[in-house]
K.L.:
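Take a look at this one; I'll ask things after.
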Amino acid sequence: MDRVGIIPAPVEMEESMSSFAFTDGTKIFHNFGADGEEMAAMANELLGKSMSVVEKRPSKNVVALVIDTTFAHNEGYELFVDKNGMEIKAKWPAGILYGLQTLRQMYMQRQVDTTTGTNKEAIPAGRILDYPRFGYRGMMLDIARHFFSPDDIKSLIDKMALYKMNHLHLHLTDDQGWRIEIKSWPKLTTVGGKTEVGGGEGGYLTQEDYLDIQAYAQKRNITIVPEIDMPGHTHAALVSYPELACDTEKREHYTGMRVGFSTLCWKKDVVYQFVDDVIMELADLTTGPYIHIGGDESQVTPMEAYIPFIERAKSIVNKYGKTVVGWDEIAHAKLDNNDVVQWWNNEKNTLMGVEQGTKVIISPAKRIYLDMKYNEDTKLGLKWSGLIEVDKAYNWTLRDLAPNIPESSVLGIESPLWAETTETIDDVEFLVFPRLCGVAEKAWSKEKLKMDWDEYSGRLKMHYPILDKLDVNYYKSPLLD
Ligand code: TNX
């Protein structure tokens with residue numbers, strides 16, 4: 001088993017001297033009813049097989065998916081392989097899914113192994129015990145600066161799932177576009193969704209699209225975290241409904257890349273009615289616990305207005321039963337231990353949150369912003385927080401980067417992809433992969449005292465053929481040659 005490069009690195013792995021080879025007669029057994037049926041179908045999908053499901057567990061040639069409620073780790077799993085077959089044991093179906101993703105990585109690597117005499121259907125025997133370091137392992141996709149279709153979003157979900165990520169934060173609104181249908185304010189999308197950076201045609205998710213994406217994600221144990229950015233980053237809303245601005249002037253669409261010039265008018269009742277309506281509809285659609293209220297770069301909202309605005313937005317989110325997440329600026333407001341601060345830029349802000357008891361999502365721009373260029377020659381991306389080669393996105397520890405943020409406050413790690421420069425999902429993939437693989441490892445695997453780039457990069461190299469097979473347009477770093 002140690003010949004295979006699993007990412008994120010499992011907690012424990014032992015190899016034994018045999019293997020199990022799939023044949024046409026390999027069966028799937030499970031012990032968890034309708035959910036088990038679904039998981040068996042997922043196993044076939046992930047492995048590209050059509051194994052039939054049997055009710056009685058055979059002694060040989062079987063893939064057994066076993067829920068054991070006494071297993072110690074909620075999202076963890078144990079994968080056991082010997083010559084008679086394999087068993088994935090977990091407390092939750094999510095753990096079974098992660099065991100399958102590990103198996104899928106091993107299987108795909110074997111499929112492309114060109115060593116003579118290898119049986120491409122053979123999985124090395126051994127045992128893996130695995131469970132995550134953090135419960136929040138995420139990526140953010142900005143569909144406001146450029147719009148990406150439900151199919152694009154689903155294809156990204158598939159790839160996140162392979163690396164055991166479990167939260168997809170969708171940045172749904174910004175100056176350039178409003179991308180989620182709100183039935184009580186229809187012009188947000190019919191007007192505000194019409195364009196994007198560069199003047200392309202934009203687009204938006206209907207509520208039906210959103211539900212469909214959410215259900216697709218849920219099957220892969222991924223929770224959608226929707227973001228409505230406010231009070232800044234709201235030009236598209238102001239274009240749609242000028243009464244939400246202090247000056248009520250009619251505005252033109254904005255298709256550039258500047259930030260920090262728009263604000264909802266904090267003095268107006270209609271603005272709070274608007275926020276209430278939007279959050280009510282979104283909370284109603286969303287199955288996950290979080291609603292992200294943005295709160296970043298509100299440079300034209302005076303601080304004495306920003307603070308009460310955020311507090312009011314928070315109370316609306318809480319009223320609809322959801323937990324607030326916001327960019328680190330929101331920690332200027334009064335928060336409590338149900339809230340979550342997303343550290344992207346300012347450690348001081350983040351600590352103001354921690355002092356109020358909030359949880360923290362780690363998203364440092366200088367290390368894991370996926371929209372930063374890899375090097376000076378990278379055509380896509382920005383570089384305001386630096387150039388981020390694949391090693392720089394991996395070689396950090398929480399202790400080095402944020403010695404004052406206690407690990408007990410950390411919910412997890414999320415890597416954002418801002419989409420100012422990415423017009424297509426191929427562009428997105430180029431910036432996301434392979435950096436996201438390393439971020440997934442940081443969020444899942446035990447933190448090592450010293451980051452071992454040599455060891456990691458060896459494993460990462462073994463994922464190139466997997467990414468090729470999945471048709472991912474990834475960046476081939478010269479560091480891995
Ligand atoms: C800063 S990160 C922003 C975004 C931009 C991004 C570009 C954050 C909370 N705000 O509005 O898209 O930089 O990297």
Side-chain angles (χ1 to χ4, degrees), residues 138-148 167 169-179 196-198 202 225-238 254-264 290-301 306 310 313 324-333 339-350 352-353 358 360-374 378-388 392-393 401 413-423 427-428 430-432 435-436 439:
M139 163 173 175
M140 188 204 83
L141 179 67
D142 169 11
I143 65 168
R145 271 55 176 271
H146 281 97
F147 179 65
F148 301 101
H167 287 81
H169 167 184
L170 290 175
H171 183 75
L172 294 167
T173 66
D174 214 303
D175 294 316
Q176 298 87 346
W178 185 285
R179 310 294 179 205
E196 59 187 9
V197 168
V225 181
E227 177 185 351
I228 303 293
D229 204 346
M230 57 187 142
H233 290 277
T234 43
H235 182 82
L238 307 182
Y254 180 68
T255 59
M257 295 197 210
R258 278 188 305 117
V259 297
F261 59 89
S262 57
T263 184
L264 295 172
Y290 304 112
I291 288 193
H292 199 304
I293 58 169
D296 57 317
E297 299 172 322
S298 270
Q299 293 160 18
V300 294
T301 325
Y306 174 84
I310 293 295
V324 168
V325 189
W327 299 108
D328 60 48
E329 290 95 322
I330 70 160
H332 287 281
D339 304 324
V340 182
V341 169
Q342 185 164 13
W343 173 41
W344 65 283
N345 194 31
N346 189 317
E347 191 186 359
K348 265 208 201 119
N349 287 347
T350 311
M352 286 197 300
T358 70
V360 176
I361 294 172
I362 303 289
S363 304
K366 54 187 176 201
R367 293 297 182 140
I368 59 169
Y369 261 34
L370 297 169
D371 58 316
M372 292 301 125
K373 291 176 184 291
Y374 292 99
T378 311
K379 291 205 176 59
L380 299 166
L382 306 173
K383 55 180 187 183
W384 67 264
S385 75
L387 300 169
I388 308 182
K392 191 172 171 192
L401 232 55
I413 301 177
E414 178 183 296
S415 212
L417 187 281
W418 298 99
E420 284 93 336
T421 67
T422 51
E423 290 177 26
D427 291 348
V428 169
F430 186 79
L431 290 175
V432 171
R435 287 184 289 203
L436 190 72
V439 174

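This is a predicted model, so every value here is computed, not measured. Each ligand, and each atom within it, is numbered from 1 in the order the structure gives. Quick note: residue numbers are just sequence positions, from 1.
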K.L.:
Would you say ligand 1 has an N or O under 3.5 Å from any N or O of Glu420?
P.N.:
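Yes; the residue has a nitrogen or oxygen that sits under 3.5 Å from a nitrogen or oxygen of the ligand.
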
K.L.:
Under 4.0 Å from any heavy atom of Met372, which atoms of ligand 1 are there?
P.N.:
14 (O)

K.L.:
Roughly how far apart are Phe147 CZ and Arg179 CZ, rounded to 0.5 Å?
P.N.:
7.0 Å

K.L.:
Is there a donor-acceptor contact under 3.5 Å linking the side chains of Glu414 and Trp344?
P.N.:
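On atom types as modelled, these side chains do not qualify, holding no pair under 3.5 Å.
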
K.L.:
In this structure, does ligand 1 have an atom that sits under 4.0 Å from one of the heavy atoms of Arg145?
P.N.:
yes

K.L.:
Is it the side chain, the backbone, both or neither of Leu382 that has a heavy atom closer than 4.0 Å to ligand 1?
P.N.:
side chain

K.L.:
Starting from atom 10 (N) of ligand 1, what is the nearest protein heavy atom, named by residue and atom, and what distance separates them?
P.N.:
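Here the nearest protein heavy atom works out to Asp296 OD2, 2.9 Å.
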
K.L.:
Does a side-chain heavy-atom distance below 4.5 Å link Met140 with His292?
P.N.:
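No, too far: nothing below the 4.5 Å cut-off.
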
K.L.:
Below 4.0 angstrom from a heavy atom of Asp371, which ligand 1 atoms are there? Numbered from 1 as shown, please.
P.N.:
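Answer, ordered by atom number: 7 (C), 14 (O).
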
K.L.:
I'd like to know whether ligand 1 has His233 as a neighbour, heavy-atom separation below 4.0 Å.
P.N.:
yes

K.L.:
Before signing off on this row, confirm whether Asp142 and ligand 1 have an N or O atom pair separated by under 3.5 Å.
P.N.:
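Asp142 vs ligand 1: no N/O contact under 3.5 Å.
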
K.L.:
Note the single closest protein heavy atom to atom 2 (S) of ligand 1, along with its residue, its atom name and the distance in Å.
P.N.:
Tyr369 OH, 2.5 Å

K.L.:
With a 4.5 Å heavy-atom cut-off, do Asp229 and Asp296 have their side chains touching?
P.N.:
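Asp229 vs Asp296: side chains touch.
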
K.L.:
Can you label the angle between the Tyr306 ring and the His332 ring as parallel, tilted or perpendicular, going by 30° and 60°?
P.N.:
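If you compare the ring of Tyr306 with that of His332, the planes turn out perpendicular.
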
K.L.:
Under the rule for side chain to side chain contact (heavy atoms under 4.5 Å, CB included), what residues qualify as partners of Glu347, not counting sequence neighbours?
P.N.:
Trp343, Leu351, Ala402, Pro403, Asn404, Ile405

K.L.:
Do any side-chain atoms of residues 364-371 form donor-acceptor pairs under 3.5 angstrom with protein atoms, and if so which ones, sequence neighbours left out?
P.N.:
| from | atom 1 | to | atom 2 | distance (Å) |
| --- | --- | --- | --- | --- |
| Arg367 | NH1 | Lys392 | O | 3.0 |
| Arg367 | NH1 | Asn395 | O | 3.2 |

K.L.:
Mind checking whether Glu297 and Trp327 have side chains closer than 4.5 Å, heavy atoms only?
P.N.:
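They are not in side-chain contact.
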
K.L.:
Judging by distance only, is a nitrogen or oxygen of Trp327 under 3.5 angstrom from one on ligand 1?
P.N.:
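No, there is no polar N/O contact under 3.5 Å.
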
K.L.:
For ligand 1, find out whether one of its N or O atoms is nearer than 3.5 Å to an N or O atom of Glu297.
P.N.:
yes

